[in-house]
Every structure is written in C-alpha cells, then in structure tokens.
Amino acid sequence: MAEIDEKQITITLPDGSTQTHPAGTTGREVAESIGAGLARDALAIKVNGEVRDLDRPITEDAEIAILTWDDEEGKETFWHSSAHLMAEALQELYPGVKFTIGPPIDQGFYYDVDLGDQTLSADELEAIEDKMLELARRDAEYERHEVSKEDAIRFYEDEDNPYKLELIEDLEEGEISFYEQGDFTDLCRGPHIPSTGRIKAPKLLSVAGAYWRGDESNPQLTRIYGISFPKQKLLEQFLERRRKAKERDHRKLGKELDLFTFDTEQVGPGLPMWLPKGTTLRETLRTVLQQEQIKQGYKPVTTPHIGRLDLYRTSGHYPHYEEDQFPPMVTGQNEEGEEEGYLLKPMNCPHHVKIYQNDHHSYRDLPVRLAEFGTVYRQEQTGELGGLTRVRGFTQDDAHIFCTPEQVKAEFKEVIDLTLKVLDALDFEEFEAQISLRDPEDTEKYVGRDALWDQAEQDIREAVAETDLDAYEEPGEAAFYGPKLDFMVEDALGRAWQLGTIQVDYNLPERFELTYVDEHDERKRPVMIHRAPFGSLERFIGVLIEHCGGNFPTWLAPTQVQIIPVGDDFVDYAEDVAAQLRTEDIRVEIDTSDETVGYKIRNAETQKIPYMLVVGGDEEEAGTVSVRSHADGPQGTVPVDDFLEQAGPEFQPTLK
RNA sequence: GCUGACGUAGCUCAACUGGUAGAGCAGCGCACUUGUAAUGCGCAGGCUGGCGGUUCGAGUCCGCCCGUCAGCUCCA
C-alpha cells in the first residue's frame with residue numbers, strides 16, 4: 001500500500017480549479033482542504049459523475065463535486081440514509097420486521113416493510129420518529145462493507161428475509177455491498193451520508209399499503225413515508241409549505257368559491273355537479289377553445305351519450321374494457337345470442353368515426369377534423385377517485401382528425417401549437433411533455449404495421465422538435481393502438497396529472513374499415529389522431545384552480561366585478577354602472593346586503609373577485625367608481641369609461 | 001380493488017377514560033345607513049354517514065355497508 005500513498009492524484013473541482021492530493025484521499029479530506037464550513041455540510045461526493053460516500057478513497061485523477069443539502073443528489077443521499085435510520089428504529093420497535101426496499105423520493109423517502117401479523121397505525125409514527133432522533137443523537141457512522149454473494153445470501157437466510165434474497169439473486173458477484181449503522185445492517189448500493197447525527201429533523205408522514213415489486217399478486221407490504229432535514233427550521237418550512245399547498249387544494253377552493261359540489265352518497269362518487277359559478281368557468285374555457293378550433297378548421301359535432309353495444313363491439317371497447325365501464329343497459333339478445341343494448345359512452349371516438357362514415361371522402365377533403373366537448377363515463381376504481389382530477393363522468397375537449405399518413409406530422413404540429421397556446425393562456429409555465437413509444441421488447445401487442453409506427457413515432461419526434469417543445473421519450477408507454485404525446489402538470493401536492501394528449505390511432509380506422517379515395521382513385525385507409533388540449537374539463541379545471549390558487553385571470557373569473565354601494569341610497573347608481581359594464585359582456589354583481597363597506601370588501605376579497613367598485617355619493621355625482629383590485633388593492637377613483645378602457649382587455653376571453 | 005386514517009349543523013371544528021351533543025362562520029330576523037378585509041343583538045339550525053350488535057345507557061365500544069382522504073394497483 002505504501003506506493004499508493006505516495007502517488008499523487010489531481011482533483012478537479014466544479015469551478016475548474018485543480019488540487020493535488022495523495023492517492024486514496026477521501027471526499028472528506030478534500031472538503032476540509034477547501035473549507036471547514038464545506039466539510040461540515042458535506043454529505044457525499046460526486047466522483048466522475050458517480051455519487052459516492054464521502055469517505056471512500058479516491059485512487060485516480062478525478063473530477064469531483066462535494067455534495068451538500070443544496071444539491072439534489074445531496075438531498076437524495078440524505079433521505080436514503082434517513083430511510084436506513086427509520087429502518088433501524090423500526091427494527092428496535094418492531095422485532096421481526098422484514099425490510100424490502102427503502103429509496104429516496106422527490107420529497108423524502110419511504111421504506112417498504114413486512115410487519116408480519118403486526119399492524120402499524122398512524123399514531124405510532126411519532127414513537128418511531130422519537131426513536132429515530134434518539135438513534136441519530138448517537139451519531140453512528142454509515143459503514144460500507146463489500147460482501148460476497150454467498151455471505152449476503154447467508155445473512156438474509158439467517159434473517160429469514162425472502163425479499164432481500166430475491167433482490168440479491170439479481171445482483172452480480174462483486175457488486176454487493178452492505179451498509180451498517182449502529183445495530184442495523186442493510187443490503188444497499190449506497191451511497192450514504194457520513195453519520196446519523198446529520199439527521200436533525202425527521203418527520204414521518206403517512207403509512208400506506210404497497211405491493212412487493214409493485215405487483216398486485218404479490219404480498220402487500222407496509223410503506224412508511226417520511227422526510228428529514230439537517231435543520232429543524234427546514235422541517236418547519238416544509239410543513240408550512242405543505243399547509244399552504246392545502247390551502248390551494250381545488251376541493252377546498254371549489255367549495256369556498258361555489259364552483260362545484262358532490263353528493264357522493266346519493267348522486268354517486270366521482271360525479272361532480274357544477275354550480276352556476278363553476279359552469280361559467282367551464283363555459284368560458286369551452287367557448288374560448290371552441291372559437292380557436294373553428295379558426296383552425298375544426299368542425300363541431302354533437303353526439304349522444306349512449307350507443308348500441310354493437311358500436312363498441314366494432315370499436316373494440318366492449319367487452320375488452322368492460323371492467324372500466326359502467327355496466328351496459330341490456331335490452332335483449334341478437335340472433336347470435338349476444339347481448340343487445342346500450343352503453344354509456346366511455347369515449348367519443350366511435351361516434352365520430354360514424355360521422356366520418358356518413359360521407360365518402362376524397363384525399364382533397366382531408367384532414368377532416370371533428371370536434372366535440374363530449375361527456376364520457378368510466379367506472380374508475382373506487383380508490384382512484386378524487387376531487388376533479390379523477391372522476392367517473394367528465395367532458396373531454398375531444399376532437400378526431402382523420403388524415404393521410406403523410407399529414408400526421410403537420411397535424412401533430414398544429415395540435416402541439418394549440419395545446420401550448422392553451423397552457424400559455426393560463427400561465428402554466430411548468431409542465432412536462434412525454435412521448436409514449438412502442439415497447440421495443442414486445443412489438444406484438446400493438447396494432448398497425450411496423451412501418452406506420454416507425455413513421456408516426458418519427459413524425460411525433462420531428463413535430464416536437466420543430467415546435468421547440470422540450471419532451472422526453474418513454475418507450476413502452478404507448479397505447480396499443482398508437483404512439484402519443486401527453487402534457488403533464490403537477491397539482492398543489494406535487495402529483496403529476498395528464499392534461500392535454502395527442503394520440504395517433506391505427507386501430508379504429510381498421511376496425512371500422514374507414515377509407516378515402518386518393519389521387520389515383522384508390523381506396524386508402526386514413527389515420528386518426530385523437531387530441532384534447534385540456535384533456536378533460538374537470539381535471540383541467542381542478543389543476544387550474546390549484547395552479548392559480550383560485551385567483552383566476554379576469555377573463556375567466558365567474559364574477560369579474562363586484563359593485564359595492566356604500567349605502568342603500570346608492571344602489572340605483574350601482575345599477576347604472578352595472579348596466580354599463582354588462583353592455584361590454586362583463587360579469588358583474590352588486591352587493592346590496594345590509595352590511596358595512598368593510599364587510600362587503602372582505603366578502604368580495606375572499607371570493608377572489610378581480611375588481612371591486614365602491615360607489616357612494618362622490619362617485620354618483622362625478623360619474624366615477626372607486627376601483628379596488630383583488631391583485632393590487634385600491635387603485636383610486638376614475639370615470640367608468642376610463643375603468644373600461646384601462647381594464648377592458650383583461651375581460652376579453654382569448655388564447656392570445 | 002388493496003393498506004391505513006377518517007365521517008358530529010351548509011362550512012371549519014369541540015365533546016376526559018361510555019353518562020342530557022357544543023362553538024365560530026354562513027343563514028334568517030331586528031336595530032344601525034355604512035367609505036376599502038369581519039357593526040351589534042337575537043333566532044333557528046342535528047336520526048352524530050347507514051344498518052345491526054354489546055350495554056341500564058353509545059357520537060364514543062364491536063361487526064357489516066356507504067363514502068372521504070393519503071398511498072398502492074389500474075388508467076382506452
């Protein structure tokens with residue numbers, strides 16, 4: 001070893017500067033050489049792109065970065081180590097517990113454990129937290145041991161832990177490591193933070209069931225979610241942010257702003273009822289998109305809410321997706337002995353296909369774009385329902401584009417543009433775009449010729465590139481009938497929801513034997529594109545409410561202006577002003593209640609009404625209004641016309 | 001569907017180990033006639049989600065059902 005010690009290596013820091021250290025130096029030593037503060041904060045080290053324990057020797061020249069709480073990878077390491085600390089606490093409190101996996105996640109960590117016959121209730125979490133803190137105070141080091149596969153297997157055979165044994169099976173000899181802190185040893189790739197003492201503020205958040213390896217047929221484990229911080233103050237900030245996120249919850253705001261309601265017991269779960277204000281919101285969104293679509297060559301259509309079972313047999317929805325649909329209304333049997341009857345429509349496409357078939361189509365007609373705000377019904381699993389983001393009856397801003405294979409790319413581009421317009425108009429700046437492609441391992445499960453798929457996938461990629469959209473690809477996520485592009489937006493709690501979607505479909509044209517006549521007078525099969533920029537109005541509005549915290553843009557607000565007369569004597573003048581605003585299609589209400597001005601202002605503020613116009617004797621005399629904006633407070637007194645001129649554009653519904 | 005938690009007035013929440021269901025807000029009435037985020041007084045509001053059980057007695061304990069929430073699984 002002596003000669004290694006003498007060898008010098010060059011360490012390159014993130015800023016490009018270099019240092020010389022003896023070979024075998026550690027991240028901790030490098031951090032110390034940079035500064036005591038960094039050494040104190042250092043959690044792990046990145047060596048040539050690989051995150052490692054701070055104390056693992058560095059033997060070769062390397063580019064390194066010392067990772068702290070401020071680095072994503074530093075946080076991940078911290079939370080991973082916290083999962084081990086929680087496991088140690090569980091081991092003490094619940095003897096016989098079997099550990100499976102315990103990874104860090106976006107916000108914290110979890111550990112899936114098998115508690116055998118024991119159960120764990122939420123109020124036991126605090127005791128586990130206390131135990132974690134007690135263990136953390138001992139400041140045990142996380143020690144890495146590389147072990148042979150044989151030893152690893154023996155260890156978990158002794159522990160009688162089939163889960164870890166299953167994990168080890170998939171590992172190669174030589175890449176198996178254990179980490180040990182205090183009395184807890186765990187199969188783990190690492191890396192970990194130096195010692196448990198860094199974990200000052202753990203918080204366990206919830207208990208949930210989770211299946212081993214995510215498979216429903218496997219045993220169900222207990223998953224404990226937690227988060228932890230190096231400082232108590234950071235935990236407090238986290239909890240405060242969570243409280244604020246709950247304030248934006250669309251279920252809460254929907255009630256407070258009288259947008260929608262549920263009667264889950266009598267009307268049914270997942271079946272929202274839209275109140276007048278919510279309906280105004282919906283209709284405004286619908287109108288603005290409808291107008292834009294008509295400009296872009298879409299033709300509105302209207303179809304019934306039910307269709308014969310035969311329609312869905314041809315489309316393939318029935319009985320294939322029977323479990324996800326409301327049971328059919330069976331009226332009898334046909335000659336073949338099949339059920340006859342009707343199905344609440346789970347999708348709009350079969351009806352639109354029939355509309356396409358109402359006519360013969362020449363290549364000159366294509367693309368045919370049929371649009372409908374169509375309400376569909378799906379029997380989503382009970383555990384999946386929630387607020388407006390997952391419901392059983394919802395309205396899609398649906399349209400189906402029937403086009404030639406050559407037109408797919410151009411159509412895709414237009415739809416991407418439209419979707420981006422919608423997102424932009426509502427200030428969704430943070431969203432993800434996911435391209436879902438075929439599973440290259442299993443091309444059998446897809447319908448449509450390979451060549452068409454290849455072309456469509458290429459078309460999507462090019463359309464995405466040409467619209468400057470930043471999208472990532474997910475092989476294997478495509479529907480069986482075609483590749484797609486989905487737009488995902490997060491809700492207040494950070495859960496990602498699919499909103500807009502654009503999907504290529506080779507299946508339905510085939511099943512319904514759709515045709516068009518090409519320039520050589522030959523019958524050809526068109527391609528269908530399903531697309532919905534909002535996705536569903538329900539989910540979109542749910543996410544939108546959380547995105548803006550109920551503070552809708554003025555053009556979308558259910559009530560745009562609240563007129564507040566300072567007393568009964570000025571209600572007449574308030575009516576005059578209201579009438580004037582209504583000629584401009586502004587949604588205005590007058591607060592004639594027997595209350596103080598302060599109270600009326602407060603009410604309008606809590607209702608998040610964009611503009612309040614206070615009117616009294618002075619205003620009546622001068623023909624003015626005292627303007628107060630929800631966003632910016634009092635704006636001074638101006639003539640009504642000036643108000644209309646200044647604020648007018650804000651009231652216009654438009655996609656810009 | 002699975003795991004865990006939960007369900008009390010329109011809303012938000014109280015009611016110690018089983019012992020007469022309360023408060024604030026909202027609503028209604030009266031007074032006040034109001035100047036930029038809560039005027040005062042009063043009234044009313046309940047099969048404690050439903051069904052069954054234990055008990056002298058159940059909001060409270062037990063079982064089943066309905067539903068909500070968090071997660072898992074699923075998602076045309």
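Numbered from 1 within each chain, the chains take letters A, B, ... in sequence-line order. Computed over heavy atoms, backbone and side chain alike; hydrogens, waters and symmetry mates excluded.
With a cut-off of 3.5 Å on both Watson-Crick or G-U wobble distances, the partner of B:C28 is given as B:G42. Base pairing of B:U55 is not made with any nucleotide, judged by Watson-Crick or G-U wobble geometry with both donor-acceptor distances under 3.5 Å. When both distances must be under 3.5 Å, the Watson-Crick or G-U wobble mate of B:U33 does not exist.
Between A:I128 and A:L93 the shortest side-chain heavy-atom distance falls below 4.5 Å.
Listed pair A:R495 / B:G71 meets the phosphate criterion, a side-chain N or O lying under 4.0 Å from OP1 or OP2. Of the side-chain N and O atoms in A:T596, one or more sit less than 4.0 angstrom from OP1 or OP2 of B:U39. Remark: A:R390 is not in phosphate contact with B:C74, judged by side-chain N or O atoms under 4.0 Å from OP1 or OP2.
Going from the C1' atom of B:G45 to that of B:C25 covers 13 Å, rounded to whole Å. Nucleotides B:U17 and B:G59 place their P atoms 15 Å apart, quoted to the nearest Å.
Using a cut-off of 4.0 Å between Lys/Arg side-chain N and Asp/Glu carboxylate O, A:K244 and A:E247 are scored as not salt-bridged.
Judged by distance alone, with hydrogens and angles left aside, A:R251 brings no side-chain donor or acceptor close enough to the base of B:C69 to form a pair under 3.5 Å.
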TODO: Could you give me the CA-CA distance, side-chain angles and deciding distance for A:T303 and A:K345, then say whether side chain to side chain donor-acceptor pair (under 3.5 Å) is met?
DONE: CA-CA 10 Å; A:T303 64; A:K345 67 179 175 187; 2.8 Å; yes

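Following rounding to the nearest Å, A:I224 (CD1) and B:C72 (P) show an atom-to-atom distance of 15 Å. Regarding A:E256, its CD atom lies at a distance of 12 Å from the P atom of B:C11, rounded to whole Å. Distance A:F262 CZ to B:G10 P: 19 Å, rounded to the nearest Å. Rounded to an integer number of Å, the gap from A:D112 CG to B:C72 P is 10 Å. Counting to the nearest Å, the P atom of B:A70 and the NZ atom of A:K252 are 14 Å from each other. Distance, A:R539 CZ to B:A76 P: 11 Å, rounded to whole Å. Residue A:L275 contributes atom CG, which lies 13 Å from atom P of B:C11 at whole-angstrom precision. One interatomic measurement links the two molecules: OH of A:Y599 to P of B:G35, which rounds to 16 Å at whole-angstrom precision.
Contact detail for A:S315 and A:L508: the closest heavy-atom pair is O-CD2, 3.6 Å.
Residue A:N603 is out of contact with every strand shown, counting any heavy-atom pair closer than 4.0 Å. A:V597 comes within contact range of the sugar-phosphate backbone alone, with a heavy-atom separation under 4.0 Å but no base atom that close. Within the 4.0 angstrom heavy-atom criterion, no nucleotide atom of any strand lies near A:G316.
For A:A208, taking side-chain heavy atoms from C-beta onward, the closest of the listed nucleotides B:A31, B:A70, B:A76 is B:A70. Considering only side-chain atoms of A:T606, the nucleotide from B:C75, B:A37, B:C66 that sits closest is B:A37.
With 3.5 Å as the limit, one finds no donor-acceptor pair spanning the side chains of A:Q107 and A:W79.
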